[in-house]
Amino acid sequence: MAVVLLAVALLVAAYWLAHRSLVASDTRFEDAFPLADAWLALCLVAASFCLMTARRAALFWLLAGGGAGLYLCAMDVLYDLQHGVWGKGGNGAMELVINVVTLGLSVLVLRWTWVRREALLSP
């Protein structure tokens with residue numbers, strides 16, 4: 001899980017470093033997300049570090065990261081539905097893929113964490 005978390009954090013960073021026209025469906029809206037995405041990436045990196053070093057704080061960071069992912073996905077999906085983004089060519093399709101992956105990974109992280117919550121809290 002630690003490796004998956006780091007990979008996702010790198011994907012979040014790559015999203016912001018990529019040429020905006022390749023992935024953004026609406027840059028005015030996307031420009032509102034850097035701080036929230038940075039928080040998500042921080043949670044994922046911190047959770048990964050805590051998992052690799054067997055720290056009990058992993059539980060907090062995993063739950064914070066999973067929750068942040070769900071929240072970001074919900075905001076993004078609502079905007080996309082209200083503005084018909086998914087039907088706007090290749091960038092709209094990319095946005096749909098990002099939404100589905102964000103939802104899936106967020107649920108995966110939360111489920112994985114909840115099932116292992118007691119083990120995560122033991123020293």
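In what follows, residues are counted from 1 in the order of the sequence shown. For the numbers below, each heavy atom of this structure counts, side chains included, while hydrogens, waters and symmetry mates do not. Because the structure is a prediction, the values reported are computed rather than measured.
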Same hydrophobic cluster for Met94 and Val12, using side-chain heavy-atom links shorter than 4.5 Å among ILVMFWY?
-> yes
Distance (rounded to the nearest 0.5 Å) between Leu96 CG and Asp80 CG = 8.5 Å
Are more than 12 heavy atoms from other residues, nucleotides or ligands located less than 6.0 Å from atom CD of Glu118?
-> no
If you measure from CH2 on Trp86 to CG on Asn99, what distance do you get to the nearest 0.5 Å?
-> 5.5 Å
Mind checking whether Leu5 and Leu120 sit in one hydrophobic cluster, side chains of I, L, V, M, F, W, Y counted as touching below 4.5 Å?
-> yes
Cluster overlap Phe33 with Leu10, hydrophobic side-chain contacts below 4.5 Å = no
Side-chain heavy atoms of Leu110 within contact of Leu63, under 4.5 Å | yes
Can you name the nearest heavy-atom pair linking Ala64 to Cys43, along with the distance?
-> CB-SG, 3.8 Å
Kindly indicate whether a cation-pi arrangement holds for Arg117 with Trp114, taking the cut-offs as under 6.0 Å to the six-membered ring centre and within 45° of the axis.
-> yes
What are the two closest non-hydrogen atoms of Ala2 and Met52, and how far apart are they?
-> CB-CG, 3.7 Å
Looking at Ala68 and Leu40, what are the two nearest heavy atoms and their distance?
-> CB-CD1, 4.1 Å
With hydrophobic residues grouped by side-chain heavy-atom distances under 4.5 Å, do Val4 and Leu44 end up in a single group?
-> yes
Which pairs pass side chain to side chain donor-acceptor pair (under 3.5 Å) with one or both residues in residues 32-55, sequence neighbours excluded?
-> Trp16-Asp37, Thr53-Arg55
Please list every donor-acceptor pair under 3.5 Å in which a side-chain atom of residues 100-109 meets a protein atom from a residue at least two apart or in another chain.
from: Thr102; atom 1: OG1; to: Ile98; atom 2: O; distance (Å): 2.7
from: Ser106; atom 1: OG; to: Leu70; atom 2: N; distance (Å): 3.4
from: Ser106; atom 1: OG; to: Thr102; atom 2: O; distance (Å): 2.7

Under 6.0 Å from the CG atom of Leu35, do we count more than 12 heavy atoms belonging to anything else shown?
-> no
Side chains of Asn91 and Val85 in contact at under 4.5 Å (non-hydrogen atoms) = no
How far does CZ of Arg116 sit from CE of Met1, to the nearest 0.5 angstrom?
-> 7.0 Å
Enter the distance from Leu6:CG to Leu11:CG here, rounded to the nearest 0.5 Å.
-> 11.0 Å
Trp112 and Leu62, any side-chain heavy atoms less than 4.5 Å apart = yes
